[in-house]
Amino acid sequence: MIERVDPFIGTEITDLPEPTGLPATWWWPKPAVGNTHPGAAYPLGMVSACSYSGAYPTGYGRYDLSTEGLPPTIHDRQVASGFTHFQQSGTGAIRKYYNYFRVTPMLEPLDSLGRHWDLDEERAEPGWYAATLDSGVRAEITVGPKSAVHRYTFPRHRDARLVVDFSLGGLSIPYGITVPLRAHLESVGPGVAQGEIVMEGAPLAVHIECDALQWRQMLWYDRRLMPGGTRLDFDHIRPTTLRPFGLMWAGPSEPGQSVELRFGFSLRGVAQAEQNLHRDCGTGPGRFSARRTQTNEAWKDHLRLVKVDTPSRDRQTIFSTALYHSLIKPCLAENESPFWPTRGPFAFDICTMWDIYRTQLPLLTTLLPARAVELGHALLTICEEEGNFPIGYRMARGEDRFSRQGSALAHTFLGDLCQLELPGIDWDWALVHMHNDLRRTYGEDYLVAGLAHPISHTLDLALGYWCTSKVARYVRDNALATEFQPLIRRWTNAFDPTTGLLIDSTYYEGSKWNYSFRLLHDMAARIQLAGGDGPFMALLDQFFGVGADPVKQPGLHPSVEELLAGYSLGRFEGLNNEPDMDAPWAYQYAGRPDRTAGIVHDIVHQQFGTGRGGLPGNDDSGGLSSWYVWASLGLFPVAGQNLVLVNAPSFGEATVSIADKSLEILTRGFREPEHGGPPQYVQSAEFNGKPLERSWLRGNELHRGGQLVLHLGPDPSGWGTANRPPSDSTSNPSTPSEVLAS
């Protein structure tokens, strides 16, 4: 798997074959670019490192800020002013842009710091990134869980240098810069330095070791050297007073001479940063190769958790890269919280919960349940220490929760962990915080008025109460679970029974159509609210463009009129954006898994590709890529509901590792799919040797592993049409132990 990963997928404007059929009618309002970066990363690690151009939004690449249509360029080619640490992965406008401690290998005077060099011979694999600057310097970077190791190979020069800029942060676009509030750095001894910067209210400490002991080691300020200086302290920095500062090693280089630079990072001071470096990399010079090998092995271990069989190298690349992108974030950094003193799980770059709660978090829970429990514990600690579950949480202090985008999304993740009965969380403790959080922010409107605007929050909160009721039943607080029942049913207040759609409201990145087909906890009642199966499917058909004409996608700088006309279509966004990413599976609740099969087939084989333009939109911390992983396996998790929907896979065979178990997905009658080709439909199925007449599994069943056999054919069948996925008003059991008998 690892040899087929291409970290460059998603780094450029979407470049896919022209869509045919239904996909030609889907309208993509958000920027058609993956916003990924190819830098070195460790699975769910704290650190990433990549070349830095200052472009939006990761610091890598060529693009300016954009919220609709094609992103404009700020560079006409791949360039870099150095190599930075801590990048987002595939997000859009999230304000926290990181890119700290830029390292610039130079043959020019320090006055040239900040210029851009052309990049050549870029290479990347999981955990390793390399490029050659047009100065002739070759750069390689690898990372550990809390460290980064750089190796620079210089041409012959009388005064080569490695410059570390402590003052840089953010992007070079307008309003994208991050200015340190406080900073200090010092030379500790030959080849050793350390320091700390406070960025966005978070103290980030670093311990640095350089192998170039024969070179001069100096501090610099405002691009002027400080010979003999050993320490710089800045007690208060304002944007108007900022001058760049950092340290440098300089000396003569011979052709092919390599210099290694090692960074240990911590949010709890320089002593812990040093410990983290030595724990990750050991001590002494020449640690690059060993660290690269260890990180490569870590990625192999993670990427072999899912195996698929296909003769197509391109499809293997798309899948392997999607799995890779799904396991980069969030950053799990045990014992690293800078905001409270206790030891224990800590997480940041939960970016963004409204994008990852449907697909990436369930994938994490399935493949790495112990890490999912670690994240769940971290979320509970954040809520306890800061008063709210985060909607978005980064390496920053302050009210940066993106509460407008969603409510109670952590509840779906915790609800799944509880219903799966995964060990490691005190559920009495969790219930207190889940209950309290439901009454905050938009939850107050929900309690008082029976609904909350933006109206999608009404759906969030109803599901939040449903998930919390499962935890209450688990700890046998039946009185609280009963108290929640009328609150759980308030989702109906969000819908207009005359249209079968959500009522008019403000919507985040979409229209009421995009949010109207979410997989609610009571889809049977939702379908009846729309008038029954026929009217509900008619709405879905209209949403997915059945019978509609092809549309034109927004281009560069689309006008307001163009965007309003597009949103008025009420059309599926084709995985360019996340609000409607679960909608294709709504057909299964109406007894038509064949409709799901056709739409998912079109998305998987027309909206994802190889090359830098291989993603249809922002990858959003793996939210998009994990959708592809699930869908191509013929599965889809229904977040918070301990439920996995089943449909036709796009691979003949696949194996999913789940803790110490595995799920084998086999097919009969499978044929290799192709772009624009017809879908395949499930004719019948067996699970662990017994007929499976339903198009769904409980999460507990999936986690116990076994063998799922799907018989496929070219035409729709009656499979899965009678035994529909469970709904709260029909057959949803009340306690986790009851699901085992389903």
Side-chain angles (χ1 to χ4, degrees), residues 353 357-358 361-362 365 372-373 376 379-380 383-384 388-389 406-422 425-452 456-495 518-526 589 637-644 696 698-700 725-742:
M353 186 69 82
Y357 83 96
R358 292 182 182 91
L361 294 184
T365 303
V373 169
L379 289 171
L380 286 162
C383 187
E384 181 169 84
N388 291 85
F389 281 116
S407 294
L409 303 182
H411 295 64
T412 63
F413 176 53
L414 293 168
D416 273 331
L417 296 183
C418 181
Q419 292 172 85
L420 289 168
E421 300 187 273
L422 296 178
I425 291 179
D426 179 342
W427 288 109
D428 288 293
W429 172 54
L431 179 59
V432 171
H433 290 302
M434 293 173 74
H435 186 195
N436 288 341
D437 189 76
L438 287 167
R439 299 195 295 266
R440 296 173 177 138
T441 316
Y442 295 97
E444 185 175 0
D445 293 341
Y446 188 83
L447 285 170
V448 173
L451 76 172
S456 56
H457 289 252
T458 298
L459 307 184
D460 294 339
L461 288 160
L463 180 57
Y465 275 105
W466 190 89
C467 293
T468 306
S469 76
K470 297 302 175 186
V471 178
R473 297 284 186 193
Y474 184 79
V475 301
R476 304 193 184 284
D477 191 342
N478 294 321
L480 185 62
T482 301
E483 178 185 322
F484 285 163
Q485 290 309 303
L487 298 171
I488 288 170
R489 291 191 289 270
R490 285 184 173 181
W491 63 268
T492 58
N493 296 340
F495 284 90
R518 285 175 52 172
L519 302 183
L520 307 179
H521 50 283
D522 196 351
M523 286 298 293
R526 159 71 184 105
Y589 289 85
V638 186
Q641 299 184 46
N642 190 34
L643 184 65
V644 180
W696 51 275
R698 285 291 180 190
N700 305 70
S727 290
D728 188 57
S729 60
T730 55
S731 61
N732 230 358
S734 60
T735 63
S737 60
E738 290 178 32
V739 303
L740 303 180
S742 301

Hey, mind stepping through Trp491 and Asp522 against side chain to side chain donor-acceptor pair (under 3.5 Å) and telling me if it holds? CA-CA 9 Å; Trp491 63 268; Asp522 196 351; 4.6 Å; no

Partners of Asp460 by salt bridge (Lys or Arg N to Asp or Glu O under 4.0 Å), sequence neighbours excluded? Arg518

Which pair of heavy atoms, one from Ser469 and one from Ala481, lies closest together, and at what distance? O-CB, 4.0 Å

Under 3.5 Å, which donor-acceptor pairs link side chains of residues 427-434 to any protein atom two or more places apart or in another chain?
residue: Trp429; atom: NE1; partner: Glu384; partner atom: OE2; Å: 2.8
residue: Trp429; atom: NE1; partner: His433; partner atom: NE2; Å: 3.3
residue: His433; atom: NE2; partner: Glu384; partner atom: OE2; Å: 3.3

Between Ala639 and Leu463, the two heavy atoms sitting closest are O-CD2, 4.0 Å

Can you name the residues that form a side-chain contact (heavy atoms from CB on, under 4.5 Å) with Ala494, not counting sequence neighbours? Ile455, Thr458, Leu459, Leu502

Rounded at 0.5 Å granularity, tell me how far CG in Leu379 sits from NE2 in His411. 11.0 Å

For Tyr589 and Leu519: C-alpha separation, side-chain torsions, deciding distance, then whether side chain to side chain contact (heavy atoms under 4.5 Å, CB included) applies. CA-CA 9 Å; Tyr589 289 85; Leu519 302 183; 3.8 Å; yes

For Cys383 and Asn388, what are the C-alpha separation, side-chain angles and deciding distance, and is it a side chain to side chain contact (heavy atoms under 4.5 Å, CB included)? CA-CA 4 Å; Cys383 187; Asn388 291 85; 5.5 Å; no

Side chain Gln641, main chain Pro726, donor-acceptor under 3.5 Å: no

My understanding is that only residues two or more places apart in sequence, or in another chain, count here; which of them pass side-chain hydrogen bond (donor to acceptor under 3.5 Å, both in side chains) with Asn436? Arg439

Between atom CG of Leu414 and atom CD1 of Ile425, what is the distance when rounded to the nearest 0.5 Å? 6.0 Å

Are Glu421 and Tyr474 side-chain neighbours, meaning at least one heavy-atom pair lies under 4.5 Å? yes

Take Tyr357 and Asp416 through the test side chain to side chain contact (heavy atoms under 4.5 Å, CB included) and record every step on the way to the result. CA-CA 11 Å; Tyr357 83 96; Asp416 273 331; over 6 Å; no

From OH (Tyr446) to OG1 (Thr441), nearest 0.5 Å: 15.0 Å

Donor-acceptor pair, Asp728 side chain versus His521 backbone, under 3.5 Å? no

Quick one: ring pair (Phe, Tyr, Trp, His ring centres under 6.0 Å) partners of Phe484, sequence neighbours excluded? His435, Tyr465

Could you give the distance from SG (Cys418) to CZ (Phe413), rounded to the nearest 0.5 Å? 12.5 Å

Can you name the residues that form a salt bridge (Lys or Arg N to Asp or Glu O under 4.0 Å) with Arg358, not counting sequence neighbours? Asp582

State which residues pass side-chain contact (heavy atoms from CB on, under 4.5 Å) with Ala449; sequence neighbours excluded, sorted by chain then number. Leu451

With side chain to side chain donor-acceptor pair (under 3.5 Å) as the rule and sequence neighbours excluded, what pairs involving residues 476-489 come up? Arg473-Asn478

Closer than 3.5 angstrom, by distance alone: can the side chain of Thr412 be matched with the main-chain N or O of Gly640 as a donor-acceptor pair? no

Candidate pair Trp696 and Leu643, rule side chain to side chain contact (heavy atoms under 4.5 Å, CB included), full reasoning: CA-CA 7 Å; Trp696 51 275; Leu643 184 65; 3.7 Å; yes

Can you see which heavy atom on Ile488 is nearest to which on Ala462, and at what distance? O-CB, 3.6 Å

Do side-chain atoms of Gln419 reach the backbone of Lys470 as a donor and acceptor pair under 3.5 angstrom? no

Give a yes or no answer on whether the side chain of Thr365 reaches the backbone of Ala372 with a donor-acceptor pair at less than 3.5 Å. no

